[in-house]
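I have placed the structure first, in the form of structure tokens, so that the comments after it can refer back to it.
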Protein chains: 2
Amino acid sequence: MIKIAIIGGGNVASHLTKTFHETKEVSLVQVYARNIAQIEHLKHHTSITNSLELLIDADVYILAVSDDAIPEVSSKINGNHLVVHTSGSASLESLQNKGRKGVFYLLQSFSKGKTVNFNEIPFCLEAENKKDLKLLETLAKSIGSKIYHIDSKQRKSLHAAAVFVNNFTNHMYKIGADICKEHQVPFEVLQPLIQETALKIKELTPEAAQTGPAKRNDQETIQNHLKLLNKKQQEIYLLITKSIQNNGEKL
Amino acid sequence: MIKIAIIGGGNVASHLTKTFHETKEVSLVQVYARNIAQIEHLKHHTSITNSLELLIDADVYILAVSDDAIPEVSSKINGNHLVVHTSGSASLESLQNKGRKGVFYLLQSFSKGKTVNFNEIPFCLEAENKKDLKLLETLAKSIGSKIYHIDSKQRKSLHAAAVFVNNFTNHMYKIGADICKEHQVPFEVLQPLIQETALKIKELTPEAAQTGPAKRNDQETIQNHLKLLNKKQQEIYLLITKSIQNNGEKL
């Protein structure tokens, strides 16, 4: 049985702790959080600590801490253990432990309190050697099913792509909500369209799914929309419209 | 029983034809398409025509034609009938019939061949008087359940908002897919994140759902992402990042 320790008290750490605790194939031997109150509720189930000096022996240490904290926290983990971080943007080299290194990146947006279906989450794994990659794979398979080998360079590009499809998409929702609010239209009217837009991409490529005035170069509608928008919204509308049309030209 | 005629041979027209044909509360008396081949398969179920001169009597004529075609097509419908268009961007006044006017706008993105659940689609209704609005409401309720009274000004703003949450969001997916392709990462890795981003907005406001490097002003990650992107992607990344941060400041 693989012995693991989870380092972190935030969202990702708490979701990982919960699911690994429920998995019989893995032994969660310890959880660390700087603020012990965050993990106090675990004390009857596993060893908890707020001191990196008191870490006990484990096969894999999973660091679910902020990117900034990875070098310092990892440097405190002695011995030839496998230490992995869970960051999409930090490199493998940001780990400062003397032993083996790897990455255990879960490409999903975690919310506090919301149940996570780990079978739906892509696990992006990286390690310095095949044996450790295999170890991470076994670990990932104990809680999930979508497993990918993604190297540091790929992971960084994936993280940038994730910003577009998650953070920037959410900002498109925000602008939509702002426009609705300004014109006394309930935002809920847009909900089915938002859901359909996301579902469509399961079946079609983004190119095939693209519709709208930019795509068909409907200048009258474009001008009508611009009149309704404030300066900042106009700037975004024009730039994305141009970008959609440029993509069309390349075809 | 309300007698209706559907004018149009495209996506919206064919989905409306199908669902109204299946509804017992409404009598679909005729379908018109310029290209008769598009509606040939209906000939055993209802009257079909490709001549506006041969339109027969109906209580409501539903125009599901392009915005450009609305004035001309509507001008051919004589008598004091209710004529409605289904456009998000055309005004009520674009209807050129001498009789009564209204709007029957379905805020959803329709795809050919994909089944539509009309119960999930918002019907945005407008008419010149209460009686006609009531008539459109009865019509909408015979096939759907989400019914809103939206005037022309509100509808135009809603259409602009829809461009952000649908067309522009899809373009965010496109850029994500481009980045993946360039770095040999399968786009499917991003699918669960895309779905989660859309689902989250059912429960949270876009403000509350916003995460990412822009939101937390993580300059190191932002700079790392910019290095990975081409010029056009950079321009969009910077503008949306700035917009997310400006929204933050206003709080």
Side-chain angles (χ1 to χ4, degrees), chain A residues 89 107-109 120-122 148 150 154 156-158 160-177 179-180 183-185 189-198 201-202 206-207 209-214 221 224-225 228-229 232 235-236 239-240 243-244 246-247, chain B residues 89 107-109 120-122 148 150 154 156-158 160-177 179-180 183-185 189-198 201-202 206-207 209-214 221 224-225 228-229 232 235-236 239-240 243-244 246-247:
Chain A
S89 47
L107 184 56
Q108 186 52 285
S109 169
E120 284 298 317
I121 297 182
Y148 299 90
I150 302 281
Q154 286 176 317
K156 279 183 187 180
S157 69
L158 203 47
V163 165
F164 280 90
V165 306
N166 173 14
N167 308 149
F168 291 177
T169 284
N170 187 73
H171 193 58
M172 297 300 113
Y173 302 160
K174 169 71 167 65
I175 296 174
I179 296 170
C180 283
H183 297 86
Q184 285 93 47
V185 179
V189 185
L190 290 173
Q191 284 286 3
L193 185 62
I194 288 174
Q195 302 308 322
E196 177 66 16
T197 304
I201 217 69
K202 282 185 166 184
E207 287 95 329
Q210 190 65 57
T211 58
T221 301
N224 281 334
H225 287 169
L228 284 164
L229 304 175
K232 283 174 185 171
E235 215 182 332
I236 292 174
L239 186 64
I240 301 181
S243 181
I244 289 171
N246 283 339
N247 275 315
Chain B
S89 47
L107 183 56
Q108 186 53 285
S109 169
E120 284 298 318
I121 298 181
Y148 299 90
I150 301 281
Q154 285 176 318
K156 279 183 186 178
S157 69
L158 203 47
V163 165
F164 280 92
V165 306
N166 173 13
N167 307 150
F168 291 177
T169 285
N170 187 73
H171 193 58
M172 297 300 113
Y173 303 161
K174 169 71 167 66
I175 296 174
I179 297 169
C180 283
H183 296 86
Q184 286 93 47
V185 179
V189 186
L190 290 174
Q191 283 286 3
L193 185 62
I194 287 174
Q195 302 308 321
E196 177 67 15
T197 303
I201 217 70
K202 283 185 166 184
E207 288 95 327
Q210 190 65 58
T211 58
T221 301
N224 282 333
H225 287 169
L228 284 164
L229 304 175
K232 283 173 187 174
E235 214 182 333
I236 292 173
L239 187 63
I240 302 182
S243 180
I244 290 171
N246 283 340
N247 275 316

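All chains are named by letter (A, B, ...) in the order of the sequence lines, taking the proteins before the strands, and each is independently numbered beginning at 1. Values reported hereafter were calculated over all heavy atoms of this structure, with side chains retained and with hydrogens, waters and symmetry mates removed.
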Check your understanding: With respect to chain A, which residue among B/Val189, B/Ile175, B/Leu107 yields the maximal number of heavy-atom pairs within a distance under 4.5 Å?
Key -> B/Val189
Exercise for review: Give a yes or no on whether the backbone of A/Asn167 and the side-chain of B/Gln210 come within a donor-acceptor separation of less than 3.5 Å.
Suggested key: yes
**Study point:** Which atoms of A/Ile150 approach chain B - backbone, side chain, both or neither, heavy atom under 4.5 Å
**Key:** side chain
Practice item. Quick one: list whatever passes side chain to side chain contact (heavy atoms under 4.5 Å, CB included) with A/Asn224, sequence neighbours left out. Key: A/Glu220, A/Lys227
Revision key, fill the gap. d(B/Glu196 CD, A/Gln108 CD) to nearest 0.5 Å is 4.5 Å
**Study point:** Leading residue by heavy atom contact count with chain A [cutoff under 4.5 Å; candidates B/Val185, B/Leu158, B/Ile179, B/Ile201]
**Key:** B/Ile201
**Study point:** Contacting moiety of A/Tyr148, where chain B heavy atoms sit under 4.5 Å
**Key:** side chain
Practice item. Under 4.5 Å heavy-atom distance to chain B, tell me which part of A/Gln191 shows up: side chain, backbone, both or neither. Key: side chain
Check your understanding: Relative to chain A, which segment of B/Phe168 carries a heavy atom at a distance below 4.5 Å: side chain, backbone, both, or neither?
Key -> both
**Study point:** Reported CG-to-CG distance for the pair A/Asn166 and B/Leu190, which is rounded to 0.5 angstrom
**Key:** 9.5 Å
Revision key, fill the gap. Checked B/Ala177, B/Gly212, B/Cys180 vs chain A; the most non-hydrogen pairs under 4.5 Å come from B/Gly212
Practice item. Quickly, which of A/Met172, A/His225, A/His171 forms a side-chain contact (heavy atoms from CB on, under 4.5 Å) with B/Phe164? Name it, please. Key: A/Met172
Point to revise | Value rounded to 0.5 Å, distance of CG in B/Asn170 from CD1 in A/Ile240 | key: 11.5 Å
Check your understanding: So which part of B/Ile194 gets closer than 4.5 Å to some heavy atom of chain A, the side chain, the backbone, both or neither?
Key -> both
Exercise for review: Name the region of B/Val163, side chain, backbone, both or neither, that has any atom closer than 4.5 Å to a heavy atom of chain A.
Suggested key: side chain
Check your understanding: Yes or no on side-chain contact (heavy atoms from CB on, under 4.5 Å) for B/Lys156 and A/His183, after CA distance, side-chain angles and deciding distance?
Key -> CA-CA 10 Å; B/Lys156 279 183 186 178; A/His183 297 86; over 6 Å; no
Review point. Tell me, side chain or backbone of B/Glu235 under 4.5 Å from chain A's heavy atoms, or both, or neither?
Key: both
Practice item. With sequence neighbours left out, write down each residue that passes side chain to side chain donor-acceptor pair (under 3.5 Å) with B/Thr221, or none if nothing qualifies. Key: B/Asp218
Review point. Measuring from A/Lys174:NZ to B/Glu207:CD, what's the distance to the nearest 0.5 Å?
Key: 4.5 Å
**Study point:** Segment of B/Ile236 engaging chain A (4.5 angstrom heavy-atom cut-off)
**Key:** both
Review point. What heavy-atom pair brings A/Val165 and B/Leu193 nearest, and what distance separates the two atoms?
Key: CG2-CD2, 4.1 Å
Point to revise | Under 3.5 Å donor-acceptor, A/Glu120 side chain and B/Pro192 backbone | key: no
